[in-house]
Amino acid sequence: MRFTSVLLLGLAGLCASKPLLNRRWDDLKVRHSWVEVPRGWKLQGPAPADHKLAMRIGLKQDKLDELISALYTVSDPTHGNYGQHLSKEEVDALVAPHPDSMELVESWLAYHGVDPDDAVHRTSGGDWITVVVSVEKAERMLGTTYNVYEHEATSESIIRTMGYSLPSALHDHIQVVAPTTYFGTTRAMRATSFLEPGVKALESEADHSTELVTLGSMATISSSCSSTITPSCLRTLYNTSAYTPSATSTNKFGIVGYLEEYANHADLQTFFKKFRTDAVGADFITVEVNGGLDDQSDPGTEANLDIQYTEGLTYPTPNIYYSTGGSPPFIADSNTPTDTNEPYLDWLNYILNQTTIPQTFTTSYGDDEQSVPNDYAVSVCNLFAQLGARGSSVMFSSGDFGVGGGDCKTNDGTNTVRFQPIFPATCPYVTAVGGTYKINPEVAVSFSGGGFSNYFARPSYQSTAVSTFLTALGTKYQGLYNSTGRGFPDVAAQGQAFQVVIGGTTEPVSGTSASSPTFASVVALLNDYRISLGKAPLGFLNPLLYSTGVSGLNDITSGSNPGCSYAGFTARAGWDPVTGLGTPNFGKLQTIVESA
Ligand SMILES: *[C@@H]1O[C@H](CO)[C@@H](O)[C@H](O)[C@H]1NC(C)=O
Ligand SMILES: *[C@@H]1O[C@H](CO)[C@@H](O)[C@H](O)[C@H]1NC(C)=O
Ligand SMILES: *[C@@H]1O[C@H](CO)[C@@H](O)[C@H](O)[C@H]1NC(C)=O
């Protein structure tokens, strides 16, 4: 018996790439499918058979486990290798697919008449291959039907499918194929900022109340910072005012934008004149990624909020704004292939191909985790792990709907109400930032996104912090959230009524979109400090934050994040899924990172 099966396996191996066994490429097994059209999208009709798609194939990264363990080693302040980040070449070697995976995928492509040498793009690690194929061919390869779907809010049309299959023989070799079932696009993603209606804007720093409030030991802050945020409020509150960045030729700060959001140079100068006069004349640069544009006649609320506060808090640190395409949306009668229009992948593939990358990133976008296919989310999350291994700290806003927006029904066909965690905030390799408001003390702001992932298990760095919270929570909300999932956010910062100049006018803007750039700015200053001491940048922050970092954070112990028609979680002493471990105290964190 045993002998026979060994013999058969051997034969199968020998014939792996022989046409005789082509049957294997027709033995399709479902990889991912939806039971209903993702919310917010409407089926328009079949995709034209001859329309060209840029198909992105993510291969299994052979040494992913080694990459993750290297990530934790270089990010754990108690480890001898702390700060010994990997180079691009070292990461590329760990994410490369196994030669067998490459060979199998190439013979599958050849079977379908796709010459692998025609790949329009291959990542330097070899883990992502992009080929251009017609809709008709893609449908045969993936045993599916592509349709055109329209986004109800933006009228954007895209080509996607309700499900796709892969040959059984490839399931262990391919991580994800796109575009397939991820309906997120650069136009329809959710920015986590919103204008605050009915709140009066400040015309200048001088408009702050002269009434002072004493913070902690000695600092004083204007009482109006409790309702209106400017850079000076944050610099006082988070204790950065006394610090002047000096490693400005090395230390860089990246702000990632989507949704055709343009950061405006003139508005930044107006903002500086009003709220940070010593920085007047300082500017950021814009890098256009994958067809992203830089339309200075169309300032974006999100983009301006991000750049005005990152520059306002980290001046004179060089800030880079990444304007991520943005490919032309699908046009039915066009013969030019649509770009993949897979926002996270587009940006990540671009940035990971650079030899030198900024040490700090902030991104204020997110979507319900359940709207992102699991395979896709895992692939993207693993790409963030690469950024951490390379020595970059990656911040994401935690979302603006508390424990969940809307009716919070699951999309698995059962329509069960469950709290809705936000991706990428749930990725364990990013630092998720929730929101606060008020001062002395700060309080969790009600929209602060938080909860537990259904895709990613709880990482060990937060196991004590999160289980302490869950023990205190007891049986409350049982069944509404995943008690073994990664808890988020990790930290928090102010998120309400930030004064932002948009098209020359000052407007109050709120959201964890404001919190992420604020926390990330403190991190950029800490990176400046580390680099100025000749030390490595901080890289992936969470292992440090949940250990020695705790004493450099202000624990937020009141407020809650209602959503899904529930009262939400309540902030309490220690970590909580509303404000994480709390807001930063730069002075204290400086001491902590100095000895790390
Ligand atoms: C990666 O970088 C190299 C060198 O700068 C460049 O030649 C190549 O086109 C880049 N690839 C992508 C996919 O951006
Ligand atoms: C809960 O999270 C785990 C990962 O920790 C996951 O495997 C499981 O499927 C999740 N359960 C639900 C109901 O989503
Ligand atoms: C702010 O940081 C300084 C060190 O720069 C520290 O001495 C001081 O105690 C901190 N202030 C507060 C209020 O914690």
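No hydrogens, no waters, no symmetry mates; every other heavy atom, side chains included, goes into these values. Small disclaimer: the values here were computed from a predicted structure and weren't measured. When a ligand or atom number is given, it counts from 1 through the structure's own listing order.
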| OH of Tyr243: more than 12 outside heavy atoms within 6.0 angstrom? | yes
| Less than 6.0 Å separating the ring centroids of Tyr429 and Phe384? | no
| task | Just say parallel, tilted or perpendicular for the rings of Tyr258 and Tyr344, cut-offs at 30° and 60°. | result | perpendicular
| So, Gln478 side chain and Ser483 main chain: donor-acceptor pair closer than 3.5 Å or not? | no
| Looking only at non-hydrogen atoms, which of Thr214, Asn239, Asn554 approaches atom 3 (C) of ligand 3 most closely? | Asn239
| Side-chain ion pair, Asp65 and Lys63, N-O less than 4.0 Å | no
| task | For ligand 3, note which part of Asn585 has a heavy atom under 4.0 Å away: side chain, backbone, both or neither. | result | side chain
| said: Salt bridge check, Arg235 against Glu205: does any charged N sit closer than 4.0 Å to a carboxylate O? | reply: no
| Can you find an N or O of His121 that's nearer than 3.5 Å to an N or O of ligand 1? | no
| request: Pick, from Asn353, Thr355, Thr130, the option with the minimum heavy-atom distance to atom 2 (O) of ligand 1. | output: Asn353
| request: Please report which non-hydrogen protein atom sits nearest to atom 13 (C) of ligand 2, along with the residue it belongs to and the distance in Å to one decimal place. | output: Arg418 NH2, 3.8 Å
| query | Is it the side chain, the backbone, both or neither of Gln370 that has a heavy atom closer than 4.0 Å to ligand 2? | reply | neither
| task | Around atom 10 (C) of ligand 2, find the nearest protein heavy atom and jot down its residue, atom name and distance. | result | Asn482 ND2, 2.4 Å
| request: Return the option from Ala219, Ser241, Ala242, Gly587 holding the heavy atom at the smallest distance from atom 5 (O) of ligand 3. | output: Gly587
| query | Which residue and non-hydrogen atom of the protein lie closest to atom 6 (C) of ligand 2, and at what distance in Å? | reply | Asn454 O, 3.6 Å
| For ligand 2, which atoms, with element, lie under 4.0 Å from some heavy atom of Ala457? | 4 (C), 5 (O)
| message | Per the side chain to side chain donor-acceptor pair (under 3.5 Å) rule, what does the pair list look like for residues 580-596, sequence neighbours excluded? | response | Asn239-Asn585, Glu442-Thr583, Tyr529-Glu594, Asn554-Thr583
| Taking both backbone and side-chain atoms of Thr484, is any N or O found less than 3.5 Å from an N or O belonging to ligand 2? | yes
